[in-house]
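Data block below; observations after.
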Protein chains: 2
Amino acid sequence: MAAIGFTHHDHSCCIQNTVDVADKHCKQAGLQLTPIRKRVLEILLEEHRALGAYEILDRLRQENLGSQPPVAYRALDFLVKNGFAHKIERMNAFVACTQPGEVHTPVFMICRECDTVAESASELSKSQLGRTAKDLGFTIERIVIEAEGLCPNCQDATAS
Amino acid sequence: MAAIGFTHHDHSCCIQNTVDVADKHCKQAGLQLTPIRKRVLEILLEEHRALGAYEILDRLRQENLGSQPPVAYRALDFLVKNGFAHKIERMNAFVACTQPGEVHTPVFMICRECDTVAESASELSKSQLGRTAKDLGFTIERIVIEAEGLCPNCQDATAS
DNA sequence: CTTGATATGTTATACTATGACGCTTAACAA
DNA sequence: TTGTTAAGCGTCATAGTATAACATATCAAG
């Protein structure tokens with residue numbers, strides 16, 4: 001169960017690979033990865049961090065890709081709906097998905113200091129919740145699991 | 001792992017018992033369960049449903065207990081901070097806690113049709129997440145687990 | 001070439017949340 | 001008593017998040 005985000009890694013690969021995957025996936029599925037949508041995905045990928053919709057909108061505005069809220073929200077809706085990004089409910093913010101294309105129940109570790117987000121996967125939680133849900137007669141359609149705390153870097157910074 | 005909310009039960013007991021527990025707990029801990037705070041707790045307890053802050057504010061207004069947003073948010077902050085209520089991040093709304101006083105990692109099952117919320121507990125998820133966090137060097141301070149779907153009642157309603 | 005589907009541009013507005021300041025009250029020390 | 005502090009509340013103003021609704025544009029299919 002690997003999770004990227006808190007550790008050093010070749011970041012430019014993150015961006016290029018994921019955009020390529022998204023490109024391919026969209027073509028196969030008949031979806032349009034338009035310039036705006038692609039750019040929003042890139043912006044999210046540039047950071048392993050949760051970005052607010054208005055923060056994204058600011059960048060779009062700078063690049064003349066749109067200036068009104070719906071522009072950002074539509075692109076984000078598209079990305080979330082198709083599994084290229086996730087919404088962090090705790091923060092009303094968005095992150096790029098690190099496992100696009102694969103069905104997964106994401107688990108997020110969110111640093112309250114630097115907003116860095118690490119995405120991990122959790123099979124166990126899902127099956128466990130499934131059992132509880134079944135007992136209750138509840139049908140689960142979506143699961144949100146978010147852990148908030150301090151990432152390694154910010155712990156070190158605080159300690160010093 | 002019991003969970004109330006979707007099933008029939010003696011509801012007036014829910015309210016009275018929980019308010020009593022809160023009363024006692026506050027006295028012991030030197031906290032003030034003021035009229036506003038108590039009333040907000042009661043309002044939340046009247047439904048096993050997520051209520052928005054403004055929905056609560058409306059009721060307070062009707063009863064002349066306050067008319068400005070901060071009044072509701074302060075009371076809610078108090079209740080959440082002291083474990084008498086939870087915030088449902090997915091909905092920007094609040095529910096009364098069904099296990100006040102006990103340390104727990106709540107799991108919520110939220111019906112997307114009627115907003116009913118059932119609170120359950122999950123030891124397993126916690127330890128599992130703890131392991132992942134440890135691997136990453138991440139320190140968890142708070143965990144949000146929310147499952148969205150259809151409650152038994154709304155499934156039946158849809159089917160008919 | 002027209003129709004329908006999809007995406008985008010734009011205006012306006014709704015919903016959620018908090019900062020800041022002043023007043024009141026209660027507890028306690030001087 | 002008076003002064004001081006802390007907590008709660010009343011209120012105004014504003015910040016932050018999100019969407020409804022309608023106009024325009026583009027493109028592929030019929």
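Please read these numbers as outputs of a predicted model, since none were measured by experiment. Convention: sequence-line order gives letters A, B, ...; per-chain numbering from 1.
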What protein N or O atoms touch nucleotides 18-22 of chain C N or O atoms at under 3.5 angstrom, if any, and at what distances?
unit_1	atom_1	unit_2	atom_2	d
C/dA20	N6	B/Arg74	NH2	3.1

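A pairwise comparison of heavy atoms in B/Glu141 and A/Leu150 identifies OE2-CG, 4.1 Å as the closest pair. In terms of heavy-atom proximity, B/Leu57 sits nearest to B/Gly66 at CD1-O, 4.0 Å.
To the nearest 0.5 Å, the span separating CD1 on A/Ile15 from CG on A/Leu44 amounts to 10.5 Å.
For A/Gln68 and C/dA14, the CD to C1' distance is 16 Å, given to the nearest whole Å. Following rounding to the nearest Å, A/Leu65 (CG) and C/dA7 (C1') show an atom-to-atom distance of 14 Å. The CZ-C1' distance, from B/Arg90 to C/dT16, rounds to 15 Å in whole Å. Atom pair A/Leu33:CG and C/dT6:C1' shows a separation of 15 Å (rounding to whole Å applied). Atom CD in B/Glu89 sits about 14 Å away from atom P in C/dT16, given to the nearest Å. The CE atom of A/Met91 sits 15 Å away from the P atom of C/dA17 (whole-angstrom rounding). In this entry the distance linking CD1 of A/Ile56 with P of D/dG16 reads 16 Å, nearest Å. For the pair A/Asp115 CG and D/dG16 P, the computed distance is 14 Å after rounding to whole Å.
Listed pair B/Lys87 / C/dA17 meets the phosphate criterion, a side-chain N or O lying under 4.0 Å from OP1 or OP2. The phosphate of C/dC15 has neither OP1 nor OP2 within less than 4.0 Å of any side-chain N or O from B/Asn92.
Mapping B/Ser67 and B/Phe78 onto DNA chain D by nearest heavy atom places B/Phe78 at the nucleotide closer to the 5' end.
Remark: the backbone N or O of B/Cys154 is not paired with any side-chain donor or acceptor of B/Glu113 at under 3.5 angstrom.
No side-chain heavy atom of B/Leu65 sits less than 4.5 Å from a side-chain heavy atom of B/Val71. Looking at A/Glu89 and B/Val144, their side chains never come closer than 4.5 Å, going by heavy atoms from C-beta outward.
Here C/dT6 is the nucleotide among C/dA17, D/dG8, C/dT6 with the atom lying nearest to any side-chain atom of A/Gln32.
The side-chain hydrogen bond (donor to acceptor under 3.5 Å, both in side chains) analysis of residues 59-71 of chain A, with sequence neighbours excluded, yields the pairs A/Arg39-A/Glu63, A/Glu47-A/Arg59, A/Asp58-A/Arg61.
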